[in-house]
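Note that this is a predicted model, so its numbers are computed, not measured. Atoms considered below: every heavy atom in the structure, side chains included; atoms not considered: hydrogens, waters and symmetry mates.
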Amino acid sequence: MTEYKLEITTGDVQYAGTSDYIYVTLVGTEGQSERTLMDNYGFDFQTGASGSYTVKTSFSLGKLLLVKVEKNQYLCLPEDEWYFSKMVVTTPEGDVILYPCYRWIGRGEMVELRGGRAMKAFEDDHPLLIDHRKKEMMLKKSLFQWKSMGEGLPHINSFNDVSEIPAEMRFYDSRIADFNYSRKKIGIELKIKGLLGSTAYWETIEDMKKIFWFKKTTMSEYVADHWMEDDFFGYQFLNGVNPGVIKRCSELPINFPVTEEMVKPFLEVGSSLQKEIEKGNMFLYDQKKMDGIPPAAYNGEPLHVTAGLCLLNVNPENKLMPIAIQLNQQPSEKNPIFLPSDPETDWLLAKMFIKNADCMDHESVHHFMRTHFLAEVFAVAALCSFPVIHPMYKLLLPHFRHTLHINIRARLSVLGPGGALNNSSLGLDGVMELMRRDLSEMTYSSLCLPENIAARGLESIPNFYYRDDGLKLWNIIQSFVKAVVEHYYPSDCEVQRDTELQDWISEIFTHGFLGNKASGFPAAFHTVEEVVKFTTMVIFTPTVQHAAVNSGQYDYNSWAPNSTLRLRKPPPTTKGQSSMTTVLETLPNVGDTVLLAGMLWLLSDRYSNYIPLGTYPEERFDEPEPKQMIKEFQAALSCLSEAITTRNSHLELPYTYLDPAEIENSVSI
């Protein structure tokens with residue numbers, strides 16, 4: 001008799017084990033084994049456990065092609081799905097072959113697994129493997145489909161509820177329990193204090209420090225103490241939650257008539273506006289894409305949206321300081337340019353309206369559309385284009401782990417009735433229009449950090465830690481991707497021959513960027529270099545970029561005077577008419593303030609089953625080369641993490657969001 005040794009591993013997640021019968025059939029080029037019951041003395045297939053089994057045949061099966069695994073009822077026990085992680089088969093010839101599964105298997109279900117080296121379609125040379133690949137892709141294309149979220153917006157997955165998603169792509173029960181516990185805890189505290197649903201207005205700024213008893217961070221407390229300061233206002237455009245909006249100002253926009261006389265008191269002694277522009281010390285925030293979008297109504301009255309402009313200057317102390325603000329695009333007597341020398345509350349209100357527009361732009365465009373929704377596009381395209389044996393599937397899947405689940409929930413909780421963006425000054429229609437405008441102007445280079453930084457002229461602006469850490473991470477990811485891609489695609493010819501790879505990029509171009517050729521996004525791949533660059537961006541976006549725009553939300557935006565999605569009163573149109581009472585009346589009411597703060601708590605928290613960047617708990621690659629590449633990737637990330645920790649120890653405001661240890665491996669919150 002010929003013996004095949006099997007090691008079968010059950011996942012280490014809650015309720016992963018099973019009491020049912022598990023049968024295995026091995027299929028090779030020379031035939032197949034008998035359907036064999038996997039049964040040892042005692043309990044088999046317990047959570048987190050591995051078991052050794054034997055399949056005996058009267059002859060060698062030749063090269064193994066497939067493994068069939070079946071789950072059938074044991075006695076009269078109720079159904080218990082089994083989370084089957086992997087199987088390792090040792091053949092009589094001494095070959096050791098990995099068969100990854102990492103999915104839930106129900107009673108009466110049979111799965112067919114491919115093992116060994118990652119394979120592209122044109123490399124399959126056995127009719128059984130070709131047919132298996134074809135059937136797998138037919139099933140995937142029927143399961144993972146697209147639907148429209150709205151005209152001019154990226155397409156989304158077609159599932160209407162998280163229960164429809166394959167179980168292995170949903171949050172684990174422990175993560176859902178953590179999330180629900182946090183949400184319940186927040187709700188109870190706010191109800192006890194009488195804040196939830198309150199329509200009262202804030203009587204003092206200090207009252208807002210009492211929203212939560214225990215949810216304090218070093219950064220959130222710093223924000224509450226320093227939000228009025230100009231240097232901190234400027235700092236946030238570099239290292240806050242929306243670091244991708246300002247650009248170097250080479251000339252003032254014609255609709256922003258700032259004069260030398262206006263700003264000279266705020267410039268270095270002996271300098272001038274033109275000299276500062278020529279030296280590269282002037283930077284511009286311009287929210288023109290928001291111009292003309294109608295605001296939402298609140299209690300029957302329209303709210304106010306300011307598509308403003310802000311001029312900032314790097315002073316001799318290397319601080320980025322706001323020196324002029326215009327709250328609407330077209331200058332007029334009722335749209336004055338506000339200056340730091342204006343009455344304190346006039347200047348404060350001008351900054352608050354700039355931050356209100358920036359907060360809506362951040363949440364809808366830079367957070368949800370440019371990380372969540374693009375990650376979903378990349379994920380759905382991969383799921384309906386690649387079989388599980390494809391090298392790009394193995395490389396990319398860890399970075400799409402729970403993206404479909406969180407996005408379905410986010411569209412209900414953030415964009416749905418009562419959601420934060422629905423309740424913003426723009427309202428749902430305005431937010432959708434803002435995202436629509438941004439997508440129509442989006443370019444491929446804007447998603448590639450090195451090109452993004454260069455295009456905005458921010459290569460040398462000081463104290464820009466998002467840039468410093470982000471570029472290092474881009475290079476580390478790119479080196480890893482380059483090694484893996486070049487291993488499987490040794491020539492451009494192989495890229496061009498891979499129809500599944502071409503399907504993936506075509507799906508993304510069509511459903512993500514709506515076929516917009518002017519965007520610069522590729523519709524097809526021609527070279528290995530193109531695949532490396534695009535895949536680097538695809539991994540960077542749901543990991544590094546998402547961390548940059550998500551992780552600090554509670555820190556910066558839970559303090560409503562610093563940043564909020566809704567302001568109640570209109571912006572100032574004349575100077576000298578405001579007071580701190582005006583500021584308080586402009587802020588959202590108590591109930592709206594705490595609702596947003598609670599949401600940001602949930603979005604910024606860390607939950608169970610957190611997987612940091614570069615961690616791959618699922619073993620999908622069988623070859624030693626990609627396994628070694630992963631180890632080198634992890635080592636590079638660890639070195640960077642140590643360097644960032646050392647740098648942060650010398651900073652008054654540590655920038656931690658792009659420490660690799662703090663970056664999740666996918667969009668999962």
How about [X]: does its [atom1] atom have over 12 heavy atoms from other parts shown lying under 6.0 Å from it?
| X | atom1 | value |
| --- | --- | --- |
| Met138 | CE | no |
| Lys627 | NZ | yes |
| Lys63 | NZ | no |
| Lys140 | NZ | yes |
| Glu529 | CD | no |
| Tyr610 | OH | yes |

Checklist entry - Rounded to the nearest 0.5 Å, what separation is found between the CD1 atom of Ile165 and the CZ atom of Phe171? => result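 If I round to the nearest 0.5 Å, the distance is 9.0 Å.
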Item to check | Closest non-hydrogen atom pair, Gly17 against Thr47 | outcome: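 Closest pair (atom of Gly17, atom of Thr47, distance): N-OG1, 3.2 Å.
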Checklist entry - Looking only at heavy atoms, what is the nearest atom pair of Tyr554 and Leu600, with distance? => result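 Reported closest heavy-atom pair: CB-O, 3.8 Å.
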Verify whether one side chain among [X] and [Y] offers a donor that lies under 3.5 Å from an acceptor in the other.
| X | Y | answer |
| --- | --- | --- |
| Thr10 | Trp82 | yes |
| Asn609 | Ser174 | yes |
| Thr527 | Asp492 | no |
| Asn407 | Glu376 | yes |
| Ser50 | Thr9 | yes |
| Thr91 | Glu93 | yes |

Next on the checklist: Below 30° counts as parallel, above 60° as perpendicular, anything between as tilted: where do the rings of Tyr21 and Tyr74 land?
Outcome noted: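 Tyr21 vs Tyr74 ring planes: perpendicular.
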Checklist entry - When you measure from the side chain of Thr510 to the backbone N and O of Leu514, does any donor-acceptor pair fall under 3.5 Å? => result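 A pair under 3.5 Å: no.
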Checklist entry - Has the side chain of Glu34 got a donor or acceptor atom that lies under 3.5 Å from a matching backbone atom of Thr25? => result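 Not at all, since once roles are kept as given, no pair shorter than 3.5 Å links the two residues.
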Checklist entry - Only one of Val111, Leu26, Leu129 forms a side-chain contact (heavy atoms from CB on, under 4.5 Å) with Leu66, so which one is it? => result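 By the side-chain contact (heavy atoms from CB on, under 4.5 Å) criterion, Leu66 pairs with just one of Val111, Leu26, Leu129: Leu129.
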Does NZ or CZ of [X] lie under 6.0 Å from the centre of the six-membered ring of [Y], at an angle within 45° of the ring axis?
| X | Y | value |
| --- | --- | --- |
| Arg411 | Phe368 | no |
| Lys147 | Phe159 | no |
| Lys120 | Tyr489 | yes |
| Lys5 | Tyr53 | no |
| Arg497 | Phe122 | yes |

Checklist entry - Knowing that exactly one of Phe534, Phe513, Phe378, Phe509 qualifies, which makes a ring-ring contact (aromatic ring centres under 6.0 Å, His included) with Phe521? => result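 When ring-ring contact (aromatic ring centres under 6.0 Å, His included) is applied between Phe521 and each of Phe534, Phe513, Phe378, Phe509, only Phe513 qualifies.
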Next on the checklist: Counting the benzene-type ring for Trp, do Trp104 and Tyr15 have ring centres under 6.0 Å apart?
Outcome noted: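 So the answer is no for these two rings.
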Checklist entry - Quick one: are the ring centres of Tyr657 and His546 less than 6.0 Å apart? => result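 No, too far apart.
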Next on the checklist: I'd like to know whether Asp622 forms a salt bridge (Lys or Arg N to Asp or Glu O under 4.0 Å) with Lys86, so could you lay out the CA-CA distance, the side-chain angles of the two residues, the decisive distance to 0.1 Å, and finally the verdict.
Outcome noted: CA-CA 11 Å; Asp622 195 23; Lys86 64 179 180 178; over 6 Å; no
Item to check | Side-chain touch Asp44/Met38, heavy atoms, less than 4.5 angstrom | outcome: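 No; the side chains remain at least 4.5 Å from each other.
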Checklist entry - With a 4.5 Å heavy-atom cut-off, do Tyr4 and Thr54 have their side chains touching? => result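 The answer is no, as the side chains (C-beta and beyond) never meet within the 4.5 Å cut-off.
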Next on the checklist: Could you walk me through whether Tyr488 and His390 satisfy the ring pair (Phe, Tyr, Trp, His ring centres under 6.0 Å) test, starting with their C-alpha distance in whole Å, then the side-chain angles of each, then the deciding distance to 0.1 Å, before giving a yes or no?
Outcome noted: CA-CA 10 Å; Tyr488 290 104; His390 197 286; 8.6 Å; no
Next on the checklist: Does Tyr181 form a side chain to side chain contact (heavy atoms under 4.5 Å, CB included) with Lys184? I'd like the steps, not just the answer.
Outcome noted: CA-CA 5 Å; Tyr181 173 76; Lys184 195 172 293 184; 5.8 Å; no
Checklist entry - Does a side-chain N-to-carboxylate-O contact under 4.0 Å join Glu136 and Arg133? => result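 Here Glu136 does not pair with Arg133 in a salt bridge, since their nearest N and O are not under 4.0 Å apart.
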